[in-house]
Amino acid sequence: MGRSNSGKSTALNLVAGMRNLARVSKTPGRTQLANFFELAPERRLVDLPGYGFAHVTPATKERWRRMIESYLTQRVSLAGLIVTVDIRRGITELDEQLLGWLEPLELAVGVLLTKADKLGRSAARAREHEVAARLGGGRVVRFSSLSREGVTEARGWLDEWLGLGETKPG
């Protein structure tokens with residue numbers, strides 16, 4: 001999940017290794033439902049509506065807020081959450097609110113600093129350190145759909161959270 005237009009669907013497609021799994025659009029707010037994608041039996045990724053920038057009615061934003069809040073607090077099988085943050089904007093007030101709200105839920109959280117190719121290497125590295133410091137460490141990685149930077153790390157998080165790398169007893 002993440003702010004509208006932060007690259008959520010693009011990141012989901014890359015991490016899942018499927019080009020057109022989630023619909024990608026340049027128009028913020030196109031993801032309007034919780035979209036479930038099964039990777040393996042009992043192992044799913046979910047693309048949630050974004051927050052912030054989408055040009056939708058206040059009633060629609062409120063409906064999304066309630067749906068997301070319900071999903072995050074009541075979904076017992078939820079193993080982790082990847083939050084996408086546009087590296088050029090850094091952590092916004094809305095991102096901080098979300099991350100603060102998630103803290104008591106004790107979920108595994110990883111932050112993808114998307115669109116990393118839009119900054120120079122040293123500026124991107126500096127932003128990554130800034131965000132990691134602001135969040136008290138944790139899982140923060142630069143992510144680029146063009147260079148594929150961060151894809152391996154994000155897949156590692158999913159493997160860990162979903163137990164995809166584990167061998168099941170026969």
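- Between Leu113 and Glu128, the shortest heavy-atom contact is CD1-CA, 3.5 Å.
- Side chains of Leu72 and Trp101 form a contact here, defined as non-hydrogen atoms less than 4.5 Å apart.
- Separating the CZ atom in Arg63 from the CD1 atom in Ile68 is a distance of 10.5 Å, to the nearest 0.5 Å.
- Annotation: Glu93, atom CD; neighbour count of heavy atoms from other residues, nucleotides and ligands within 6.0 Å does not exceed 12.
- Across all non-hydrogen atoms, the minimal contact from Leu14 to Arg155 is O-NH2, 2.8 Å.
- Here the CZ atom belonging to Arg142 is positioned 12.5 Å from the CZ atom belonging to Arg127, to the nearest 0.5 angstrom.
- Counting all heavy atoms, side chain and backbone alike, Ala79 lies closest to Leu107 at C-CD2, 4.5 Å.
- The backbone N or O of Thr92 sits less than 3.5 Å from a side-chain atom of Asp95, completing a donor-acceptor pair.
- With rounding to the nearest 0.5 Å, the separation of CZ in Arg88 from NZ in Lys115 is 5.0 Å.
- Asp117 contributes atom CG, which lies 10.5 Å from atom CZ of Arg148 (distance to the nearest 0.5 angstrom).
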Under the side-chain contact (heavy atoms from CB on, under 4.5 Å) rule, what do Val141 and Val111 come out as? Steps first, then yes or no, please.
CA-CA 6 Å; Val141 69; Val111 176; over 6 Å; no
Go through Thr10 and Asn13 one step at a time and tell me if the side-chain hydrogen bond (donor to acceptor under 3.5 Å, both in side chains) criterion holds.
CA-CA 5 Å; Thr10 298; Asn13 288 340; 5.7 Å; no
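- Put simply, the side chain of Ile87 does not reach to within 4.5 Å of the side chain of Phe143, judged on heavy atoms.
- The backbone N or O of Arg66 sits nowhere less than 3.5 Å from a side-chain atom of Ser70 that would complete a donor-acceptor pair.
- Using a 4.5 Å cut-off on side-chain heavy atoms (C-beta onward), Ile82 and Val109 make no contact.
- By the 4.5 Å heavy-atom criterion applied to side chains, Ile91 and Leu135 are counted as neighbours.
- Checking Asp86 against Thr114 by side-chain atom types alone, no donor-acceptor pair falls below 3.5 Å.
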Apply side-chain contact (heavy atoms from CB on, under 4.5 Å) to residues Val15 and Trp157 and explain how you reach the verdict.
CA-CA 10 Å; Val15 172; Trp157 300 343; over 6 Å; no
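- Under a 4.0 Å N-O distance rule, the pair Glu160/Arg139 qualifies as a salt bridge.
- Other residues, nucleotides and ligands contribute only 12 or fewer heavy atoms inside 6.0 Å of the CD atom of Glu103.
- Atoms CG and CZ, on Leu98 and Arg3 in that order, are 12.5 Å from each other to the nearest 0.5 Å.
- With values rounded to the nearest 0.5 angstrom, Ser6 atom OG is found 9.5 Å from Leu112 atom CG.
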